[in-house]
S.K.: 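Here it is, the structure in full.
Counting starts at 1 for both ligands and their atoms, in listed order. When a residue number appears, it is its place in the shown sequence, counting from 1.
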Amino acid sequence: MRGGPGPHDVPVTRRSEVVQIDPTDPPPEPIRRAAAVLRAGGLVAFPTETVYGLGAHARDRGAVAAIFRAKGRPSTDPLIVHVPTVAAARDVVADWPPLAGRLAEAFWPGPLTMVLPRGSDVPPEVAAGRATVAVRIPAHGVALALLAEAGVPVAAPSANRFGRVSPTTARHVVEELEGEFDLLLDAGPTTLGVESTVVDLTREVPEMLRPGGVTLEDLTAVIGEVRHRERAVTAPDEAASAPGELLRHYSPRTPMALVDGGGHLAEQLRRTLAARGVRVEVLDLPGDATEVARRLYATLRAADASGAELLLAPSFDPAGLGRAVNDRLYRAAHGRVVLDAAPGTVDRLEAAARRERPDGPTSGDHSVH
Ligand code: TXA
Ligand code: MG
């Protein structure tokens with residue numbers, strides 16, 4: 001097969017073939033081919049209901065290493081293992097507590113990832129050396145058919161370069177990773193638009209590490225108390241020991257700020273900065289949280305390509321899916337939050353747009369360089 005993982009340090013250019021596939025009724029032939037590529041140690045990009053993933057055979061160390069290389073992802077950031085059934089999920093974990101059963105019953109297949117004790121035949125590289133493993137059953141016809149046909153657990157991060165905006169269309173995957181995957185199954189845009197919720201069940205009280213498609217309210221309704229640290233960030237050098245999300249994630253290349261005061265404040269800042277000659281774009285995300293989540297990453301990509309020097313994102317009501325949207329905007333903004341249009345705030349934003357430093361109180365400590 002073309003494009004199997006080469007020896008270490010040898011750059012591999014993979015074929016990056018794109019195959020269109022019907023999401024509701026995926027035909028067997030491309031699914032069989034993609035499954036064979038996975039079993040042979042290749043990399044297959046595939047759709048899920050959240051975002052596109054870059055998949056590899058989770059028990060094949062070489063294939064797993066190839067994912068980290070393809071994304072430029074640090075080996076300290078663990079991957080999610082995707083499986084088609086609860087039985088397959090139980091095969092990759094060392095313990096299946098009652099809470100896991102209840103969550104699986106309520107939300108699988110779906111945008112929920114559970115962190116559980118890692119099974120002994122999942123290589124430590126998948127979990128960045130942790131004693132735990134993240135697992136989920138995606139709710140997407142193509143993903144489920146592929147996972148069932150592959151017959152092996154599939155480790156898959158979002159199919160973007162490390163730290164960048166996640167892909168919600170096949171075109172985004174090609175833009176991000178052409179030459180880095182063997183095959184891409186193109187089933188059109190993903191329906192949910194933000195990643196799965198990650199919940200750690202290995203702690204005394206379950207902790208939501210990443211808000212996503214299954215809301216905190218949904219989780220609490222099924223299992224009771226769930227901890228969540230709002231706007232918690234992990235420094236890169238802590239990533240190996242402390243679970244959580246890095247601050248500079250989901251990032252456009254254009255500097256960005258989250259405006260905690262709504263659309264009017266964002267518009268006022270845009271006008272004030274325009275008077276200083278700064279080209280500002282206010283992200284246009286109308287509609288309810290479901291609609292906003294679906295369009296979020298495409299909007300971020302378009303704004304990034306618009307030639308603006310600064311992006312401003314009004315924050316959302318953190319109820320329901322709005323919590324995940326706010327979380328992604330916060331990280332895309334590298335934790336830069338503004339609350340007013342005072343002269344000091346405008347100066348800070350102008351400096352950020354001009355990429356001067358220092359550009360704000362949270363710009364230094366947790367940055368990924
Ligand atoms: O919706 C999704 O979850 C998508 C699709 C492709 O399934 N996948 C995805 O993967 O977003 P990725 O690699 O971009 O994000 C995985 C998240 C990271 O925040 C990682 O730190 C966390 O899950 N994670 C994975 N394994 C973990 C573990 N053992 N303990 C704590 N966090 C873990
Ligand atoms: Mg990701």
Side-chain angles (χ1 to χ4, degrees), residues 44-56 58 64 67-68 70-83 92-94 107-119 122 124-140 142-144 146-147 153-168 172-173 176-177 185 190-203 206-214 232-234 236 238-251 293 297 324 327-328 331-332 368:
V44 174
F46 64 96
T48 78
E49 79 280 34
T50 59
V51 300
Y52 276 76
L54 179 67
V64 169
I67 286 187
F68 284 91
K71 284 187 53 117
R73 180 171 174 130
S75 59
T76 49
D77 197 1
L79 306 177
I80 296 172
V81 174
H82 295 69
V83 291
V92 300
V93 303
F107 302 116
W108 277 356
L112 178 69
T113 295
M114 294 189 226
V115 173
L116 290 162
R118 176 164 54 89
V122 175
E125 290 85 349
V126 169
R130 292 163 197 247
T132 57
V133 66
V135 61
R136 89 169 182 110
I137 304 181
H140 192 287
V142 171
L144 286 172
L146 176 65
L147 294 167
V154 172
S158 51
N160 52 277
R161 303 253 170 205
F162 178 67
R164 296 264 302 132
V165 180
S166 299
T168 53
H172 297 161
V173 177
E176 291 280 326
L177 292 174
L185 298 176
T190 63
T191 48
L192 195 62
V194 293
E195 297 82 350
S196 63
T197 301
V198 179
V199 63
D200 186 348
L201 296 180
T202 67
R203 331 192 123 230
E207 181 165 355
M208 186 172 77
L209 301 178
R210 176 174 76 180
V214 170
V233 296
T234 304
E238 286 174 348
S241 54
E245 288 261 276
L246 297 172
L247 183 54
R248 291 196 172 191
H249 249 162
Y250 317 105
S251 292
Y297 291 143
D327 172 78
R328 304 309 189 272
R331 291 170 205 283
V368 175

S.K.: Closer than 3.5 angstrom, by distance alone: can the side chain of Lys71 be matched with the main-chain N or O of Ala159 as a donor-acceptor pair?
M.R.: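 Side chain of Lys71 to backbone of Ala159: no pair is present.
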
S.K.: Between ligand 1 and Arg210, is the shortest N or O to N or O distance under 3.5 Å?
M.R.: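 Between Arg210 and ligand 1 (N or O atoms, distance only) the closest approach is under 3.5 Å.
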
S.K.: Does Glu195 offer a backbone N or O that forms a donor-acceptor pair with the side chain of Arg210 under 3.5 Å?
M.R.: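 No; judged by distance alone, with no hydrogens or angles, the pair does not exist.
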
S.K.: Tell me whether Arg136 reaches ligand 1 (any heavy atom closer than 4.0 angstrom to a ligand atom).
M.R.: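 It does; at least one heavy atom falls under 4.0 Å.
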
S.K.: Which ligand 1 atoms does Glu245 reach within 4.0 Å, using its non-hydrogen atoms?
M.R.: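 Within the 4.0 Å cut-off of Glu245, ligand 1 contributes 18 (C), 19 (O).
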
S.K.: Are Ser196 and Thr113 close enough, and set up right, to give a side-chain hydrogen bond (donor to acceptor under 3.5 Å, both in side chains), and what steps lead you there?
M.R.: CA-CA 6 Å; Ser196 63; Thr113 295; 2.8 Å; yes

S.K.: Under a 4.5 Å cut-off applied to non-hydrogen side-chain atoms, are Arg136 and Thr50 in contact?
M.R.: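 Yes, at least one pair of side-chain atoms sits under 4.5 Å.
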
S.K.: Check each atom of ligand 1 against the heavy atoms of Arg73 and keep those under 4.0 Å away; list them by number with element.
M.R.: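 Contacts of ligand 1 toward Arg73, numbered from 1: 12 (P), 13 (O), 14 (O).
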
S.K.: What part of Arg118, side chain, backbone, both or neither, has a heavy atom within less than 4.0 angstrom of ligand 1?
M.R.: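 Within the 4.0 Å criterion, Arg118 makes no contact with ligand 1.
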
S.K.: If we set the cut-off at 4.0 Å for heavy atoms, which region of Thr50 has an atom near ligand 1: side chain, backbone, both, or neither?
M.R.: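 Side chain only; the backbone of Thr50 stays clear of ligand 1.
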
S.K.: Is it the side chain (CB and beyond), the backbone, both or neither of Glu195 that lies under 4.0 Å from ligand 1, heavy atoms counted?
M.R.: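 Looking at Glu195 and ligand 1, atoms from backbone and side chain both fall under 4.0 Å.
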
S.K.: Check ligand 1 against Asp77 and write out every atom of the ligand that is under 4.0 Å from a heavy-atom position of the residue.
M.R.: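 Counting from 1, the qualifying ligand atoms are 20 (C), 21 (O).
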
S.K.: Have a look at Ala143, Ser158, Gly53 and point out the one with the heavy atom closest to atom 12 (P) of ligand 1.
M.R.: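 Answer by nearest heavy atom: Ser158.
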
S.K.: Within a distance under 4.0 Å of any heavy atom of Pro157, pick out the atoms of ligand 1 and give their elements.
M.R.: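 What qualifies from ligand 1 is 10 (O), 12 (P), 13 (O).
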
S.K.: Would you say the Mg ion (ligand 2) has Ser158 as a near neighbour, meaning an N/O/S atom of that residue under 2.8 Å away?
M.R.: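 Given the 2.8 Å cut-off, Ser158 counts as a ligand of the Mg ion (ligand 2).
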
S.K.: Taking all heavy atoms of Pro157 and all of Ile67, pick out the closest pair and write down the distance.
M.R.: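 Shortest heavy-atom separation between Pro157 and Ile67 comes out as CG-CG2, 3.5 Å.
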
S.K.: Quick one: which ligand 1 atoms are inside 4.0 Å of a heavy atom on His82?
M.R.: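 Per the distance check, 5 (C), 6 (C), 7 (O).
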
S.K.: Please find the pair of heavy atoms, one from Val133 and one from Val92, that lie closest to each other, and give the distance.
M.R.: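 That would be CG1-O, 3.5 Å.
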
S.K.: Give me the atom names and distance for the closest heavy-atom approach of Val173 to Ala45.
M.R.: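 Val173 and Ala45 have their closest heavy atoms at CG1-CB, 3.9 Å.
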
S.K.: If you measure from each non-hydrogen atom of Glu49 to ligand 1, which part falls under 4.0 Å: side chain, backbone, both or neither?
M.R.: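 None of Glu49 does.
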
S.K.: Any non-hydrogen atom of Leu209 lying under 4.0 Å from ligand 1?
M.R.: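 Contact check Leu209 vs ligand 1: positive.
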
S.K.: Classify the ring geometry of Tyr297 against Tyr250: parallel below 30°, tilted from 30° to 60°, perpendicular beyond 60°.
M.R.: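 Answer is parallel, since the angle falls under 30°.
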
S.K.: Minimum heavy-atom separation for Ala156 and Gly55, please, with both atom names.
M.R.: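 In terms of heavy atoms, the two residues are closest at CB-CA, 3.9 Å.
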
S.K.: Check if His249 has a non-hydrogen atom at a distance under 4.0 Å from any atom of ligand 1.
M.R.: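 It does not; every heavy atom stays at 4.0 Å or beyond.
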
S.K.: Heavy-atom distance under 4.5 Å between the side chains of Phe68 and Leu79, does that happen here?
M.R.: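 The answer is yes, as the side chains (C-beta and beyond) meet within the 4.5 Å cut-off.
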
S.K.: Please work out, at 4.0 Å between heavy atoms, whether the side chain, the backbone, both, or neither of Ala127 comes within that distance of ligand 1.
M.R.: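 Neither; no heavy atom under 4.0 Å.
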
S.K.: Could you state the interatomic distance from NE2 (His140) to CG (Leu147), rounded to the nearest 0.5 Å?
M.R.: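 If we round to the nearest 0.5 Å, His140:NE2 and Leu147:CG are 11.5 Å apart.
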
S.K.: Going by the atom numbers of ligand 1, which of them fall below 4.0 Å from some non-hydrogen atom of Ser196?
M.R.: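 Those qualifying, in numeric order: 1 (O), 2 (C), 3 (O).
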
S.K.: Which atoms of ligand 1 have any heavy atom of Thr132 under 4.0 Å away?
M.R.: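 Ligand 1 atoms under the 4.0 Å threshold to Thr132: 28 (C), 29 (N), 30 (N).
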
